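Have a look at the structure below before the remarks.
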Amino acid sequence: MAKARIYQRPKNAMQSGRARTDAWVLDFEPAEAMRPDPLTGWAGSGDTREQVRLGFASVEAAIAYAEKAGLAFSVVPAPTRTLKLQAYADNFR
């Protein structure tokens, strides 16, 4: 049975905007370990489900899909946003 993980995309650390962070994502846990290719040395495996990533508008829609498809899933709660409010003058204290 395939195991899936449902989570909300985090904010990109390289940008200040929060685009596409309201969407929920379902992706599959790897079924087998990665191993180096003897010819190229790149890491890979025969598991093609690792390449599948499904997007949903809400966590309820993602859970409904996983239950309908018969997937074992776990929901990772969205991280809480913490704002660090400070004044420019705090840099000189």
Side-chain angles (χ1 to χ4, degrees):
M1 173 174 268
K3 296 179 84 177
R5 181 175 61 132
I6 299 172
Y7 61 95
Q8 195 170 17
R9 294 176 60 138
K11 183 180 86 64
N12 186 352
M14 302 304 290
Q15 298 176 347
S16 61
R18 291 190 307 268
R20 297 173 38 181
T21 58
D22 54 344
W24 288 81
V25 177
L26 181 141
D27 62 2
F28 295 95
E29 295 181 3
E32 60 183 62
M34 301 281 257
R35 59 188 180 279
D37 185 88
L39 183 61
T40 62
W42 293 359
S45 70
D47 184 23
T48 58
R49 287 181 298 172
E50 218 175 302
Q51 301 169 8
V52 176
R53 181 172 290 160
L54 302 173
F56 296 93
S58 66
V59 66
E60 291 84 14
I63 290 173
Y65 174 81
E67 289 174 347
K68 184 177 177 183
L71 301 172
F73 65 92
S74 63
V75 177
V76 179
T80 58
R81 282 186 45 213
T82 57
L83 297 176
K84 183 180 177 186
L85 300 176
Q86 68 181 30
Y88 179 71
D90 292 341
N91 293 329
F92 304 103
R93 292 184 184 179

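Keep in mind that what you see is a predicted model, and the values were worked out from it rather than measured. The analysis underlying the following values was restricted to heavy atoms, covering all of them including side chains, and did not include hydrogens, waters or symmetry mates.
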State, to 0.1 Å, how close E67 and F73 come at their nearest heavy-atom pair, and which atoms those are. CG-CE2, 3.8 Å
Indicate the atoms forming the closest heavy-atom contact of G46 with E32, along with that distance. N-OE2, 3.0 Å
As an exercise, state the distance from CZ of F28 to CG of L54, rounded to the nearest 0.5 Å. 6.0 Å
Please check this pair: side chain of T21 against backbone of R18, looking for a donor-acceptor N/O pair closer than 3.5 Å. yes
Rounding to 0.5 Å, atoms CG (D22) and OG (S58) come to a distance of 10.5 Å
Smallest separation among heavy atoms of Q8 and A78, with atom names: OE1-CB, 3.0 Å
Enclosure of R49 CZ (heavy-atom neighbours >12, cutoff 6.0 Å): yes
Smallest separation among heavy atoms of P36 and G41, with atom names: CB-O, 4.2 Å
How far apart are the closest heavy atoms of M34 and A43, and which atoms are they? CE-O, 4.2 Å
Spacing of CZ belonging to R53 relative to CZ belonging to R9, to within rounding of 0.5 Å: 7.0 Å
So I63 and F56, do their side chains get closer than 4.5 Å, heavy atoms only? no
Distance in Å, L26 CG paired with R5 CZ, rounded so as to fall on 0.5 Å steps: 10.0 Å
What about Y65 and I6, same hydrophobic cluster or not, with Ile/Leu/Val/Met/Phe/Trp/Tyr joined at side-chain heavy-atom distances under 4.5 Å? yes
Could you see if V76 belongs to whatever hydrophobic cluster contains V59? Use Ile, Leu, Val, Met, Phe, Trp, Tyr and a side-chain cutoff under 4.5 Å. no
Greater than 12 external heavy atoms within 6.0 Å of K3's NZ: no
Locate the shortest heavy-atom distance separating P30 from D47; write the atom from each residue and the value. CA-OD2, 3.6 Å
According to a 4.5 Å side-chain heavy-atom criterion applied to Ile, Leu, Val, Met, Phe, Trp and Tyr, with indirect links allowed, do V52 and Y7 form part of one hydrophobic cluster? no
